[in-house]
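Notes follow once the structure below has been shown.
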Amino acid sequence: MKRFTDRVAIVTGAAQGIGAAIARRLGEEGATVVVADVNEKAAAKVAKACGNGSFAVATDVGDAGQVKRLHETVVKRAGKIDVLVNNAAIVPFQPWDQVDFDHWRQIMRVNLDGVFLMSRASSDAMRKTGYGRIVNICSNTIFAGTPNMAAYVAAKGGVFGFTRALATELGAYRITVNAVCPGLTASEGVMASPHAKAFEFVEMLQAIKGHGKPDDIAPAVAFLASEEAQWITGQTVNVDAGMVRW
Ligand code: NAD
Ligand code: 4PL
C-alpha cells in the first residue's frame, strides 16, 4: 500500500519505540516524515530510514516556543502538514504517593500540554489546505486504571477527552481527530523500565496471546491517518490484543 505519497506527516517522540514504528510505516507508504523528538541523534537516524526527504527536528513538545519553531521549519521545508501523530510521552513507573508535584507537572506538560500545543499549531496549517488527520497515542491504562502510573493515566484520560472535543471543533474543516490506545508494548522505553516485568500478567488478560510490539500498533495509526478514514472522527480504539474490551 502507498497511502501517503505526497503527504507530510509529523510524528512526535519518533526517535524510538512505537513512534519510530509509526514513522517507518508512514515512510514505507510514501510520506515525508518529520521526526520531532528531544533525542536529536536517534531522530535523525529514524528520519533517514523513512526516505522521501524525511527529516528530524529537535523538539520538546511541551515547550510552546519549540513547537512554533518546528511548525515554521516544516512549512518552510515541506510546504504543508497533512498528518500529525501525537506520540511523544513520558512513561513513568512510580507508586502514586511517591510522585511529587514537580514530577506530576512534568508528566502533564509533556503528555497533555504537548498534545494541545502540537494540535493547535498543526491544525492551523491543516486548515489552510482543507485536509488533515490527527492521531493521538493514548493508552489502555485509562480503562484499566493501571497501578504506578497515576499521573500518566490522568494525562492520557485528558488526551481521550480532548480527542473527542477537538474532533467536534475541527469537523468543520474536515480534519479528523482519533486516538489509538496501545496496551503494554515492548518499546525501548518500556524494556528499560520495571514495566518489562508486567508482560506475563498482561498476557493473561489478552484475548490473543503474545507480547505487543511497536509494529503491532503502527497499522491502526496508519489507517486512521489515511485518506480513506475520512468518515471516522472522535473515536478511540484499543490496540492491545483484546486486553480491554470497551
Ligand atoms: P519510549 O519511551 O520508548 O519513547 C518515547 C519517545 O518520546 C522517546 O524517543 C523520547 O525521546 C520522546 N520524548 C519524550 N519526551 C519528549 C518531549 N518532551 N518532546 C518530544 N519527544 C519526547 O515510549 P513508547 O513506549 O514507544 O511510547 C510511545 C507512546 O505510546 C507514548 O505516548 C506512550 O504513552 C504510548 N503507550 C506506550 C505503551 C507501551 O507499553 N510502550 C502502552 C500504551 C501507550
Ligand atoms: C497495560 O501505557 O498500557 C504498562 C506502560 N501496562 O505504559 C502503558 C499497560 C504500560 C499499558 C502501559
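Numbering of ligands and ligand atoms starts at 1, following listing order. Heavy atoms only: backbone and side chains are in, while hydrogens, waters and symmetry mates are out. Along the sequence shown, residues are numbered consecutively beginning with 1.
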Which atoms of ligand 1 sit under 4.0 Å from any heavy atom of [X]?
{"X": "Ala88", "result": "20 (C), 21 (N), 22 (C)"}
{"X": "Asp60", "result": "17 (C), 18 (N), 19 (N)"}
{"X": "Leu184", "result": "40 (O)"}
{"X": "Thr185", "result": "39 (C), 40 (O), 41 (N)"}

Could you tell me whether a side-chain N or O of [X] sits under 3.5 Å from a main-chain N or O of [Y], the two making a donor and an acceptor?
{"X": "Asn52", "Y": "Ser54", "answer": "no"}
{"X": "Lys209", "Y": "Glu203", "answer": "yes"}
{"X": "His71", "Y": "Ser122", "answer": "yes"}
{"X": "Asn111", "Y": "Tyr152", "answer": "no"}

If you take all heavy atoms of Ile137 and Lys156, which pair is closest and at what distance?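 In terms of heavy atoms, the two residues are closest at O-NZ, 2.8 Å.
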
Heavy-atom distance to [atom]: which of [options] wins?
{"atom": "atom 12 (C) of ligand 1", "options": "Asp37, Val239, Asn136, Ile18", "answer": "Asp37"}
{"atom": "atom 28 (C) of ligand 1", "options": "Val190, Ile22, Val35, Asn87", "answer": "Asn87"}
{"atom": "atom 5 (C) of ligand 1", "options": "Gly17, Gly114, Gly62, Ala89", "answer": "Ala89"}
{"atom": "atom 38 (C) of ligand 1", "options": "Gly19, Gly183, Ala186, Ser187", "answer": "Gly183"}

Using the side-chain hydrogen bond (donor to acceptor under 3.5 Å, both in side chains) rule, collect all pairs that involve residues 186-195, keeping only residues at least two apart or in two chains.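 Sorted result for residues 186-195: empty, none.
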
Show, in sequence, the C-alpha distance, side-chain angles and deciding distance for Thr185 and Val190, and conclude whether the side chain to side chain contact (heavy atoms under 4.5 Å, CB included) test is met. CA-CA 7 Å; Thr185 305; Val190 152; over 6 Å; no

N or O contacts of ligand 2 with protein under 3.5 Å, please list pair by pair.
{"residue": "ligand 2", "atom": "2 (O)", "partner": "Ser139", "partner atom": "OG", "Å": "2.8"}
{"residue": "ligand 2", "atom": "2 (O)", "partner": "Tyr152", "partner atom": "OH", "Å": "2.7"}
{"residue": "ligand 2", "atom": "3 (O)", "partner": "Ser139", "partner atom": "OG", "Å": "3.3"}
{"residue": "ligand 2", "atom": "3 (O)", "partner": "Asn140", "partner atom": "OD1", "Å": "2.7"}

Before signing off on this row, confirm whether Ser139 and ligand 1 have an N or O atom pair separated by under 3.5 Å.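 In this structure, Ser139 places no N or O atom under 3.5 Å from an N or O of ligand 1.
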
Got an N/O contact under 3.5 Å between Asn140 and ligand 1? no

Side-chain H-bond candidate by donor/acceptor type, [X] with [Y], under 3.5 Å:
{"X": "Ser119", "Y": "Asn86", "value": "yes"}
{"X": "His103", "Y": "Gln94", "value": "yes"}
{"X": "Gln66", "Y": "Arg69", "value": "no"}

[atom]: nearest protein contact (heavy atom, Å):
{"atom": "atom 30 (O) of ligand 1", "result": "Ile137 CG2, 3.4 Å"}
{"atom": "atom 43 (C) of ligand 1", "result": "Pro182 O, 3.2 Å"}
{"atom": "atom 34 (O) of ligand 1", "result": "Tyr152 OH, 2.5 Å"}
{"atom": "atom 1 (P) of ligand 1", "result": "Gln16 NE2, 3.3 Å"}
{"atom": "atom 19 (N) of ligand 1", "result": "Val61 N, 3.1 Å"}
{"atom": "atom 20 (C) of ligand 1", "result": "Thr59 O, 3.1 Å"}
{"atom": "atom 7 (O) of ligand 1", "result": "Gly13 CA, 3.4 Å"}
{"atom": "atom 15 (N) of ligand 1", "result": "Val110 CG1, 3.9 Å"}

Under a 4.0 Å heavy-atom limit, does Asn111 contact ligand 1 with its side chain, its backbone, both, or neither? neither

Test of understanding: given a 4.0 Å heavy-atom threshold, classify the contact between Cys138 and ligand 1 as side chain, backbone, both, or neither. backbone

[atom1] of [X] to [atom2] of [Y]: how many Å apart, nearest 0.5 Å?
{"X": "Thr32", "Y": "Asp82", "atom1": "OG1", "atom2": "CG", "result": "9.5 Å"}
{"X": "Asp100", "Y": "Arg105", "atom1": "CG", "atom2": "CZ", "result": "12.5 Å"}
{"X": "Asn140", "Y": "Asn238", "atom1": "CG", "atom2": "CG", "result": "5.5 Å"}

Once side chain to side chain contact (heavy atoms under 4.5 Å, CB included) is applied, do any residues pair with Thr176, and if so which ones, sequence neighbours excluded?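 Partners of Thr176 by the side chain to side chain contact (heavy atoms under 4.5 Å, CB included) criterion, ordered by chain and then number, come out as Arg133, Asn178, Thr233.
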
So salt bridge (Lys or Arg N to Asp or Glu O under 4.0 Å) across residues 115-129, not counting sequence neighbours, yields Arg120-Asp124

Can you tell me if Lys156 contacts ligand 1 (heavy atom of the residue under 4.0 Å from the ligand)?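 The answer is yes: ligand 1 sits under 4.0 Å from a heavy atom of Lys156.
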
Would you mind telling me which of Arg24, Arg3, Lys2 makes a salt bridge (charged side-chain N to carboxylate O under 4.0 Å, His left out) with Glu29? Arg3

